[in-house]
Colleague: 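Next up is a structure, given as structure tokens.
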Amino acid sequence: MSNTIITPDTVESNDKTGLNYKTVIETFGCQFITSQILDNIRKLTNQTKLHPFFENDIFFAHRDLDKLLNECIANKSNNFYLYTGRGPSSTNLHLGHLVPFMATKYLQDIFDVPVIIQITDDEKYYFKNNDDGLNQYRSYAIENIKDIIACGFNPHKTFIFLNSTNTSHFSHNHIKIQKKIKLHHIKSTFGYTDDDNMGRVSFPTQQMTPSFATSFPHLLSNQYKDIPTNPLDNILYQLSEPIYPDIKDMKCVIIAAVDQDPYFRTLRNIAPKIKEHQPIVIYSKFLASLQGKNNKMSASVNNSAIFLTDTPKQIKKKINSFAFSGGQETLELHREIGGNTDVDVAFQYIQYFSDNVNIVQTIKEQYTSGELLTGELKKTCISILTDIVLKHQEIRNKITMDDLKQFMTPRFINQS
Ligand code: TYM
């Protein structure tokens, strides 16, 4: 029987065709993204075709996206911001990490909305059992931010921050969230035990806090100019002006792979108790590990990933030597019964990163009929991935510390 486990720490299944996303939806209580939802996105943004991530069912699950789109249509305005993040566990991102960032950048472009990106250096410091200091994770954060900026975010509408250097507005909501969540809930949802350190146990609320616009009045509210930065003046201002009317109803749309759901599911349960809107979520499936679709691509598993720093030679070697194939054992058999795209990892990578939905369909037909051989399929995959990685490296190499400073400076990012 197929068995799928998905948590922020573990993603695995015993089935080579991959994780069972239907069960995931049922267990987590999300909904499938329907063709009606995609139609509404096209309508609101004047697009005839959406990014292949959406056309190809890679972003597959949501909560309340349908309601948000109806509101946008009724009010003729996109009153929301996008929120995503990264836990800097090393200097390198892999292709799987790129998926939510590429999707967020795309949605920022078509909806023209602000983006907030949280870098959880605290998370990785608490979670790793080694002697690395916090500064180690901060230095990884800097390298990761270069990769994130290279995805093409709008510098006037995007704010990137590290948890370890965060500001007072955020604390206000963080305190309220912490008060509403019980320790036993965090232990059962995230599997923490009494041996876990306090940072680890309290971390989830850090990841939840950016899901409310009121955590960022200095970025999102038209009153940003009035908000004092001096701590005493700031408290006095907040006592007299506790809400920011223009962002009270601004919604948050979270973009992630579905492993991040435990944080946001928990937050949605308590949001009404602190008079905040439940965040909307949009989740993707996982880019597979080279070894098979039953595991996600992961930086911590040897040879499971294509990194954004890989050379064309490394990409070619990894795909040719490690990518799990749905091809048959002999040429004759392959010609006779065809390959299996349900388990073929190179095919999945083409599905994720080819910008041409029609070519993906043709490859699928030719491979399953036996016309296209495994070597030929892998060659196409290598060419698509090499192109993506080289283009990314070219842009990333030009990113300067001044660029980082611009994205990381707290400032108003909600102008139309
Ligand atoms: P992290 O750094 O583990 O992963 C960053 C983002 O990449 C997604 N992801 C993948 N997506 C597709 N295929 C894969 N193989 C794959 N591996 C990872 C993750 O779901 C994530 O969206 N705690 C978070 C950082 C974070 C965050 C957030 C993420 C803070 N706030 C808000 C999303 C939304 C983390 O460690 O992600």
Side-chain angles (χ1 to χ4, degrees), residues 6-13 18-19 21 24 28 53 58-61 63 81-105 107 115-128 137 140-141 143-145 147-148 151 159-164 166 170 174 190 200 203-212 215 252-267 279-301 304-308 345 348-349 351-353:
I6 297 186
T7 71
D9 294 329
T10 312
V11 175
E12 62 186 33
S13 152
L19 308 162
Y21 288 106
V24 170
F28 288 6
F53 285 167
I58 289 163
F59 276 82
F60 74 111
R63 283 201 180 90
Y81 66 101
L82 301 165
Y83 160 43
T84 191
R86 157 76 182 149
S89 48
S90 76
T91 48
N92 282 353
L93 261 60
H94 58 61
L95 279 175
H97 293 132
L98 216 50
V99 173
F101 290 109
M102 284 171 67
T104 308
K105 179 259 184 300
L107 294 173
V115 168
I116 293 181
I117 301 176
Q118 177 182 48
I119 307 291
T120 54
D121 52 340
D122 54 344
E123 173 187 15
K124 297 302 162 186
Y125 174 61
Y126 296 139
F127 281 57
K128 299 270 173 184
Y137 297 96
Y140 294 157
E143 294 310 310
N144 291 180
I145 291 172
D147 281 306
I148 293 169
C151 291
F159 176 59
I160 305 179
F161 70 97
L162 267 63
N163 274 356
S164 70
N166 205 7
F170 187 90
H174 185 228
F190 293 89
R200 189 165 182 174
F203 167 74
T205 53
Q206 287 281 352
Q207 180 154 335
M208 296 174 200
T209 306
S211 316
F212 301 143
S215 298
C252 172
V253 178
I254 299 163
I255 314 292
V258 70
D259 58 337
Q260 302 297 310
D261 190 58
Y263 297 102
F264 306 119
R265 190 163 74 219
T266 305
L267 181 66
I280 289 107
V281 297
I282 308 183
Y283 294 135
S284 75
K285 298 174 183 169
F286 295 99
L287 188 71
S289 135
L290 281 158
Q291 283 70 28
K293 285 173 75 180
N294 50 337
N295 287 104
K296 68 168 179 172
M297 184 175 279
S298 164
S300 49
V301 180
S304 89
I306 307 275
F307 289 100
L308 298 181
V345 168
Q348 196 216 37
Y349 294 172
Q351 248 179 339
Y352 270 64
F353 293 109

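What you see is a predicted model, and the numbers here were worked out from it, not measured in a lab. Start at 1 and go down the list; that is how both ligands and their atoms are numbered.
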Colleague: Would you mind listing which atoms of ligand 1 come within a distance below 4.0 Å of any non-hydrogen atom of T120?
Modeller: 25 (C), 30 (C)

Colleague: Could you tell me whether some N/O pair between T84 and ligand 1 is separated by less than 3.5 angstrom?
Modeller: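 N/O-N/O distance under 3.5 Å: no.
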
Colleague: Is there a donor-acceptor pair under 3.5 Å between the side chain of N144 and the backbone N or O of S90?
Modeller: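 Yes: the side chain of N144 pairs with the backbone of S90.
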
Colleague: Starting from atom 18 (C) of ligand 1, find the nearest protein heavy-atom neighbour and note its residue, name and distance.
Modeller: H97 CD2, 3.7 Å

Colleague: Which of the atoms in ligand 1, numbered in the order shown and given with their element, are less than 4.0 Å from a heavy-atom of A256?
Modeller: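 Matching atoms, with element in brackets: 22 (O), 33 (C).
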
Colleague: Would F264 count as a contact of ligand 1 if the rule is a heavy atom under 4.0 Å away?
Modeller: yes

Colleague: Any atoms of ligand 1 less than 4.0 Å from a non-hydrogen atom of E123? List them with their elements.
Modeller: 23 (N), 24 (C), 35 (C), 36 (O)

Colleague: With atoms numbered from 1 as shown, which atoms in ligand 1 lie under 4.0 angstrom from a non-hydrogen atom of K296?
Modeller: 15 (N)

Colleague: According to the interplanar angle, ranging from 0 to 90°, do the rings of F190 and Y263 count as parallel (below 30°), tilted (30 to 60°) or perpendicular (above 60°)?
Modeller: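 F190 and Y263: tilted rings.
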
Colleague: Among protein heavy atoms, which sits nearest to atom 11 (N) of ligand 1, and what does the distance come to when rounded to 0.1 Å?
Modeller: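 Scanning the protein heavy atoms, the shortest distance from atom 11 (N) of ligand 1 goes to G96 O, 3.2 Å.
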
Colleague: Is a donor on one side and an acceptor on the other found under 3.5 Å between the side chain of Q118 and the backbone of Q206?
Modeller: yes

Colleague: So, for V345 and K293, which heavy atoms are closest and what is the spacing to 0.1 Å?
Modeller: CG2-N, 4.2 Å

Colleague: Give a yes or no on this: more than 12 heavy atoms of other residues, nucleotides or ligands lie within 6.0 Å of atom CZ of F161.
Modeller: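 Yes.
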
Colleague: Can you check whether F101 has an N/O within less than 3.5 Å of an N/O in ligand 1?
Modeller: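 No, since none of the N or O atoms of F101 sits under 3.5 Å from an N or O of ligand 1.
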
Colleague: Quick check for you: to the nearest 0.5 Å, what is the distance between T266 atom OG1 and M208 atom CE?
Modeller: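 Answer rounded to 0.5 Å: 4.5 Å.
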
Colleague: Which residue holds the protein heavy atom closest to atom 24 (C) of ligand 1, what is that atom called, and what is the gap in Å?
Modeller: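 For atom 24 (C) of ligand 1, the nearest protein heavy atom is Q260 OE1, 3.4 Å.
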
Colleague: Identify which one of Y137, F203, F127 satisfies the side-chain contact (heavy atoms from CB on, under 4.5 Å) criterion when paired with D122.
Modeller: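 Result for side-chain contact (heavy atoms from CB on, under 4.5 Å) with D122: F203.
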
Colleague: Considering non-hydrogen atoms of the protein only, which is the closest contact for atom 17 (N) of ligand 1, and what is the distance?
Modeller: H94 CE1, 3.8 Å

Colleague: Kindly state whether the ring of Y352 and the ring of Y349 have centres lying under 6.0 angstrom apart.
Modeller: no

Colleague: Going by the order shown, which atoms of ligand 1 are within less than 4.0 Å of some heavy atom of Y83?
Modeller: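 Heavy-atom distances to Y83 below 4.0 Å select 28 (C), 31 (N), 32 (C).
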
Colleague: Indicate, as side chain, backbone, both or neither, the part of Q207 found under 4.0 angstrom from ligand 1 when only non-hydrogen atoms are considered.
Modeller: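 Side chain only; the backbone of Q207 stays clear of ligand 1.
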
Colleague: Shortest non-hydrogen contact from F353 to L95?
Modeller: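 What the structure gives for the nearest pair is CZ-O, 3.7 Å.
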
Colleague: Closest heavy-atom contact between D147 and L93?
Modeller: CB-CD2, 3.9 Å

Colleague: For atom 35 (C) of ligand 1, what is the nearest protein heavy atom, given as residue, atom name and distance?
Modeller: G87 N, 3.5 Å

Colleague: Can you tell me which residue and heavy atom of the protein come closest to atom 19 (C) of ligand 1, and the distance to 0.1 Å?
Modeller: D259 OD1, 3.8 Å

Colleague: Near K124, which atoms of ligand 1 are under 4.0 Å from a heavy atom of that residue?
Modeller: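 So the answer, numbered in order with elements, is 36 (O).
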
Colleague: What is the ring orientation for Y83 with F264, classed by angle as parallel under 30°, tilted 30 to 60°, or perpendicular over 60°?
Modeller: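 Judged by the thresholds at 30° and 60°, the geometry between Y83 and F264 is perpendicular.
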
Colleague: Give me the nearest non-hydrogen protein atom to atom 8 (C) of ligand 1 as residue plus atom name, then the distance to 0.1 Å.
Modeller: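 The closest heavy atom on the protein side is P100 CG, 3.8 Å.
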
Colleague: Can you pull out the closest protein heavy atom to atom 5 (C) of ligand 1? Residue, atom name and distance to 0.1 Å, please.
Modeller: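 Sorting protein heavy atoms by distance from atom 5 (C) of ligand 1 puts G85 O, 3.6 Å first.
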
Colleague: Check V24, V258, I255 against Y283 for a side-chain contact (heavy atoms from CB on, under 4.5 Å) and give me the one that passes.
Modeller: V258

Colleague: Any N or O of F203 that comes nearer than 3.5 Å to an N or O of ligand 1?
Modeller: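 No; the residue has no nitrogen or oxygen that sits under 3.5 Å from a nitrogen or oxygen of the ligand.
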
